[in-house]
Novice: 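Before anything else, here's the structure in question.
A, B, ... follow the sequence lines: proteins, then strands. Residue 1 opens every chain.
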Number of protein chains: 2
Amino acid sequence: MDEKAPTRPRTRIQREKQDRILEAALDIFSTHGFRGATIDQIAEAAGMSKPNLLYYFPRKEEIHKRLIARLLDMWLAPLREMDPSGDPIPEIRSYIRRKLEMARDFPRESRLFANEMLQGAPRTIDMLEGDLKRLVDEKAAVIRGWVAEGKLSRVDPYHLIFSIWATTQHYADFDVQVRAVLGPDRNGEGRFDDAARYLEQLFMHGLVPRG
Amino acid sequence: MDEKAPTRPRTRIQREKQDRILEAALDIFSTHGFRGATIDQIAEAAGMSKPNLLYYFPRKEEIHKRLIARLLDMWLAPLREMDPSGDPIPEIRSYIRRKLEMARDFPRESRLFANEMLQGAPRTIDMLEGDLKRLVDEKAAVIRGWVAEGKLSRVDPYHLIFSIWATTQHYADFDVQVRAVLGPDRNGEGRFDDAARYLEQLFMHGLVPRG
DNA sequence: GAGATTTTTGACCAATTGGAAAAACGTTAG
DNA sequence: CTAACGTTTTTCCAATTGGTCAAAAATCTC
């Protein structure tokens with residue numbers, strides 16, 4: 001069958017333009033949400049005319065769908081790599097570190113996802129209840145096993161995962177607030193190092209000083 | 001001087017209608033963001049015609065401003081009440097609990113705020129750098145004092161506050177995801193109790209089991 | 001109940017929106 | 001060169017958007 005829909009890039013020029021569109025769309029969608037973003041905005045950010053953009057992605061939703069798909073795949077990689085046969089503490093520690101690095105290096109992706117969640121995940125709910133839930137269930141079982149072996153405190157594995165997501169993504173999603181509160185001084189990229197150190201302490205030993 | 005702008009309600013009917021509008025607007029703004037929300041939507045949700053709504057709030061931005069103002073005031077109350085002369089551990093514990101209760105009882109407010117942050121806080125940045133920063137600076141100093149007295153682990157007070165915000169608001173902002181992952185079973189309002197228990201353990205002692 | 005005032009409605013507007021059509025342009029294989 | 005193809009632009013459209021305005025309706029004051 002011949003598909004004319006340019007969903008997957010065939011030629012060099014198609015690949016380039018589609019990349020430019022997706023790049024621009026990530027900017028716009030991640031700050032304005034799906035409804036708040038306009039095709040004109042995206043087209044301008046991508047340096048092309050609206051009809052030209054629509055030649056590559058026949059509708060607005062198509063662009064968004066592609067971005068979300070790319071994102072979810074990449075987003076869950078760190079959790080996927082949590083190794084059941086590894087040592088619990090280093091595994092979790094490194095999961096937190098990798099997740100924080102992603103918040104630092106891909107803040108727009110984080111915000112795109114956050115936007116979608118805030119809106120009730122209308123275009124993502126299936127993946128949440130499918131792939132995502134399956135993966136989390138699997139890893140939760142692993143964590144539960146670790147707890148049973150006495151290698152972790154007796155914590156709810158689901159809420160543990162939530163808290164890792166929350167604390168790391170916060171630095172991407174609430175970046176403005178973080179910057180505003182830290183002020184101009186404490187505000188180089190060094191804040192991610194501070195965050196890493198803090199989260200290490202929090203997740204390992206908490207706030208109560210050890211006797 | 002005679003102000004005709006109905007910014008503050010004068011009569012009973014004004015108060016009622018303005019409340020209905022703000023209530024409806026909270027729904028819409030918190031799920032679609034400022035740009036994604038339309039006056040028509042809000043008017044319909046409030047059960048009145050668009051021109052009628054515009055009689056009470058002459059522009060869209062006015063509604064949003066009022067909501068944000070109301071929200072910030074209420075949102076920072078728990079932090080404001082953190083008592084420098086109290087015991088550190090109970091003070092922080094109770095701050096976390098109150099913040100989690102707010103996420104449970106006022107999820108739309110949380111999402112409204114999150115939406116504004118994602119968009120770069122265009123209508124809120126002044127408050128963030130003003131009132132908010134001042135308050136956080138003040139409380140951070142308090143926490144630093146507690147650390148110096150050896151009553152808390154040696155943590156960065158700013159990131160401590162961020163992590164409390166992140167973990168608690170997560171249950172409001174990412175509600176869809178939390179529900180999807182927990183599945184239909186584990187999903188009564190009991191999830192907030194589970195969260196409370198988990199956060200207690202996390203913030204007090206972390207994940208490493210005590211010898 | 002008359003008159004003043006407040007509230008509501010209906011009709012309207014210009015700008016913006018997502019998108020369609022088709023013609024114009026460019027590229028390339030034969 | 002030319003036919004076939006892929007790309008881009010111009011023009012257009014109907015729907016939606018935030019907002020206005022004057023008249024109608026309801027309410028309040030005396």
Side-chain angles (χ1 to χ4, degrees), chain A residues 1-22 24-25 27-29 31-68 115 119 122-123, chain B residues 1-29 31-68 115 119 122-123:
Chain A
M1 53 174 121
D2 65 326
E3 64 236 44
K4 57 168 175 283
T7 33
R8 290 106 196 276
R10 315 213 150 294
T11 75
R12 173 187 53 90
I13 188 159
Q14 282 178 348
R15 214 176 312 120
E16 278 178 13
K17 292 261 167 152
Q18 286 196 30
D19 283 354
R20 263 170 55 198
I21 293 170
L22 289 172
D27 262 1
I28 309 296
F29 279 136
T31 63
H32 294 295
F34 183 77
R35 292 212 44 190
T38 75
I39 300 185
D40 287 280
Q41 262 180 307
I42 298 172
E44 202 202 320
M48 64 185 76
S49 69
K50 180 171 60 169
N52 196 185
L53 183 152
L54 285 166
Y55 172 70
Y56 291 101
F57 290 91
R59 32 210 62 229
K60 188 182 169 184
E61 204 164 340
E62 230 64 48
I63 312 175
H64 194 263
K65 225 191 306 193
R66 276 278 291 277
L67 283 175
I68 290 277
N115 247 312
Q119 284 157 37
R123 283 164 286 272
Chain B
M1 49 176 128
D2 64 327
E3 63 236 46
K4 56 167 172 283
T7 33
R8 290 106 197 278
R10 316 211 149 294
T11 76
R12 173 190 52 89
I13 189 159
Q14 282 178 347
R15 215 176 311 120
E16 278 178 13
K17 292 259 165 154
Q18 287 197 29
D19 283 353
R20 264 170 54 198
I21 293 170
L22 289 171
E23 168 71 18
L26 180 57
D27 262 2
I28 309 296
F29 280 136
T31 64
H32 295 295
F34 183 77
R35 292 213 42 190
T38 74
I39 300 184
D40 287 280
Q41 262 179 307
I42 298 171
E44 202 202 319
M48 63 185 74
S49 69
K50 181 170 59 168
N52 196 183
L53 182 151
L54 285 166
Y55 172 71
Y56 291 101
F57 291 90
R59 30 212 67 229
K60 189 182 170 184
E61 205 163 338
E62 230 63 48
I63 313 175
H64 194 264
K65 223 191 309 193
R66 275 277 291 275
L67 283 175
I68 290 278
N115 247 312
Q119 284 156 38
R123 282 165 286 273

Novice: Counting only side-chain heavy atoms from C-beta out, which of D:dT17, D:dG19, C:dT9 sits nearest to B:Thr38?
Specialist: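 Comparing D:dT17, D:dG19, C:dT9 against the side chain of B:Thr38, the answer is D:dT17.
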Novice: Roughly, in whole Å, what's the span from CG in B:Asp40 to P in C:dT9?
Specialist: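 Distance, rounded to whole Å: 14 Å.
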Novice: Specify the residue among A:Arg35 and A:Leu53 whose closest nucleotide of DNA chain D lies further upstream toward the 5′ end.
Specialist: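 Its nucleotide being nearer the 5' end, the pick is A:Leu53.
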Novice: Between C:dG19, C:dA20, D:dT8, which one does the side chain of A:Pro51 approach most closely?
Specialist: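 So the nucleotide nearest the side chain must be C:dA20.
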Novice: Rounded to the nearest 0.5 Å, what separates atom OG1 in A:Thr38 from atom NZ in A:Lys50?
Specialist: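 So the OG1 of A:Thr38 and the NZ of A:Lys50 are separated by 8.0 Å.
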Novice: Of the candidate nucleotides C:dT7, D:dT7, D:dT20, which contains the atom at the shortest distance from the side chain of B:Arg59?
Specialist: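 Given the options C:dT7, D:dT7, D:dT20, the side chain of B:Arg59 is closest to D:dT20.
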Novice: Report the distance from atom CD1 of B:Ile28 to atom C1' of D:dT17, rounded to the nearest whole Å.
Specialist: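 My rounded result for the distance is 15 Å.
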Novice: Any base atoms under 4.0 Å from A:Leu54, or only sugar-phosphate, or nothing? Heavy atoms, all strands.
Specialist: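 Here A:Leu54 touches the bases of the nucleic acid.
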Novice: Which of these nucleotides, D:dG18, C:dT9, D:dT7, is closest to any side-chain atom of A:Tyr56?
Specialist: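 Between D:dG18, C:dT9, D:dT7, the one nearest the side chain of A:Tyr56 would be D:dT7.
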Novice: What's the CD1-P distance between B:Ile42 and D:dT17, to the nearest Å?
Specialist: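 From B:Ile42 CD1 to D:dT17 P: 11 Å.
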Novice: How many angstroms lie between atom NE2 of A:His32 and atom CD1 of A:Ile42, to the nearest 0.5 angstrom?
Specialist: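 So the NE2 of A:His32 and the CD1 of A:Ile42 are separated by 10.0 Å.
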Novice: Whole angstroms only, please: what is the CD-P distance between B:Gln14 and D:dT27?
Specialist: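 Atom-to-atom, B:Gln14 to D:dT27, this comes out as 14 Å.
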Novice: How long is the line joining CG of A:Asn52 and P of C:dG26, in whole Å?
Specialist: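 To the nearest whole Å, that distance equals 14 Å.
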Novice: Before accepting this row, confirm whether a basic side-chain N of the pair A:Glu62/A:Lys65 lies closer than 4.0 Å to the acidic partner's carboxylate O.
Specialist: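 Result for this pair is yes, salt bridge flagged.
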Novice: Return the value, rounded to whole Å, for the distance between atom NZ of B:Lys60 and atom C1' of D:dT17.
Specialist: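 That distance rounds to 8 Å.
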Novice: Check for me whether B:Arg123 meets the cation-pi criterion with B:Phe34, that is, NZ or CZ under 6.0 Å from the six-membered ring centre and within 45 degrees of the ring axis.
Specialist: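 Verdict for B:Phe34: a cation-pi partner in B:Arg123.
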Novice: Atom OH of A:Tyr55 to atom C1' of C:dA23: distance rounded to whole Å?
Specialist: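 Value for this atom pair: 15 Å.
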Novice: At under 4.0 Å between heavy atoms, what does B:Ala37 touch on the DNA or RNA strands: base, sugar-phosphate, or nothing?
Specialist: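 Contact class for B:Ala37: sugar-phosphate only.
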Novice: Please report, rounded to the nearest Å, how far the C1' atom of C:dT8 is from the NZ atom of B:Lys50.
Specialist: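 Atom-to-atom, B:Lys50 to C:dT8, this comes out as 15 Å.
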Novice: For atom CD of A:Glu44, is the number of surrounding heavy atoms from other residues, nucleotides or ligands below 6.0 Å larger than 12?
Specialist: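 12 or below, so no.
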Novice: For C:dT8 and B:Ser49 - does any side-chain N or O of the residue sit under 4.0 Å from the phosphate oxygens OP1/OP2?
Specialist: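 For B:Ser49, the contact criterion (side-chain N or O under 4.0 Å from OP1 or OP2 of C:dT8) is not met.
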